[in-house]
Amino acid sequence: MKQIKLGSVQAQIMSVLWEKKEATAKDITDALSEHEPVSLSTVQTLLRQLERKQVVRHVAKGRTFYFEPAIEPNQSVENSMDRVLNRFYGGSVVGFVAQFLKNERISQEELDELKKLIEAQEKKEGSR
């Protein structure tokens with residue numbers, strides 16, 4: 001799979017599209033502006049960039065373009081996580097998780113889920 005590099009606002013646009021499945025540039029601008037103001041022209045520029053990266057496509061309905069994701073969320077998330085791990089933690093998953101556990105509140109349900117994921121990984125590694 002090719003590396004997909006997304007800037008922070010591009011990633012936010014993708015989050016909106018994954019949630020809504022389809023949205024106009026105005027819809028996306030409105031959704032993003034709930035957290036921090038962003039201009040319609042900025043969103044339009046970023047959507048063109050995302051189309052060039054082939055992670056977004058559009059469909060014309062009348063004179064309005066509706067944008068939709070062309071990739072699944074995990075394709076982008078995995079690549080973003082690789083960059084974070086390599087840049088800040090030297091590729092160490094342990095370093096990342098340790099830092100996260102020290103600084104975040106984690107519910108018992110989340111801890112149980114982490115344990116299940118670790119156990120599943122151990123079984124997978126043991127079967128190789």
With sequence neighbours left out, the residues meeting side chain to side chain contact (heavy atoms under 4.5 Å, CB included) with Val93 are Leu85, Val97
Is there a side-chain contact between Ser92 and Val94 in this structure, where contact means two heavy atoms from C-beta onward sitting under 4.5 Å apart? yes
Across all chains, not counting sequence neighbours, the salt bridge (Lys or Arg N to Asp or Glu O under 4.0 Å) partners of Glu68 are Arg57
Restricting to non-hydrogen atoms, name the atom on Val56 and the atom on Met14 that form the minimum distance, rounded to 0.1 Å. CG2-SD, 3.4 Å
Across all chains, not counting sequence neighbours, the side chain to side chain contact (heavy atoms under 4.5 Å, CB included) partners of Thr45 are Arg48, Gln49
Under the 3.5 angstrom rule, does the side chain of Ser15 hit a backbone N or O of Ala11 as a donor-acceptor pair? yes
Residues which pass side-chain hydrogen bond (donor to acceptor under 3.5 Å, both in side chains) with Lys61, listed by chain and number, not counting sequence neighbours: Glu22
Residue pairs passing the salt bridge (charged side-chain N to carboxylate O under 4.0 Å, His left out) test where at least one lies in residues 28-40, sequence neighbours excluded: Lys26-Asp30
Return all side-chain donor-acceptor pairs below 3.5 angstrom for residues 110-119, not counting sequence neighbours, or 'none' if the list is empty.
residue: Glu110; atom: OE1; partner: Ser107; partner atom: N; Å: 3.0
residue: Glu110; atom: OE1; partner: Ser107; partner atom: OG; Å: 3.4
residue: Asp112; atom: OD1; partner: Gln108; partner atom: NE2; Å: 2.9

Does any pair with a residue in residues 31-64 pass ring-ring contact (aromatic ring centres under 6.0 Å, His included), and if so which ones, sequence neighbours excluded? His58-Phe65, His58-Phe67
Sidechain-backbone polar pair: Trp18 side chain, Ile13 backbone, donor-acceptor under 3.5 Å: no
With sequence neighbours excluded, tell me which residues meet side-chain hydrogen bond (donor to acceptor under 3.5 Å, both in side chains) with Thr42. Ser39
How close do Ala25 and Leu47 get, counting heavy atoms only, and between which atoms? CB-CD1, 3.8 Å
Do Leu50 and Val16 belong together in a cluster built from hydrophobic side chains that touch within less than 4.5 Å? yes
Can you list the residues that meet the side chain to side chain contact (heavy atoms under 4.5 Å, CB included) rule with Asp27, with sequence neighbours excluded? Ala23, Thr24
Which distance, rounded to the nearest 0.5 Å, do you find between the CD of Gln12 and the CG of Leu17? 12.0 Å
Residues in salt bridge (Lys or Arg N to Asp or Glu O under 4.0 Å) with Lys20, at least two apart? none
Determine whether Leu32 and Tyr66 fall in the same hydrophobic cluster, where Ile, Leu, Val, Met, Phe, Trp and Tyr are linked whenever their side-chain heavy atoms lie under 4.5 Å apart. no
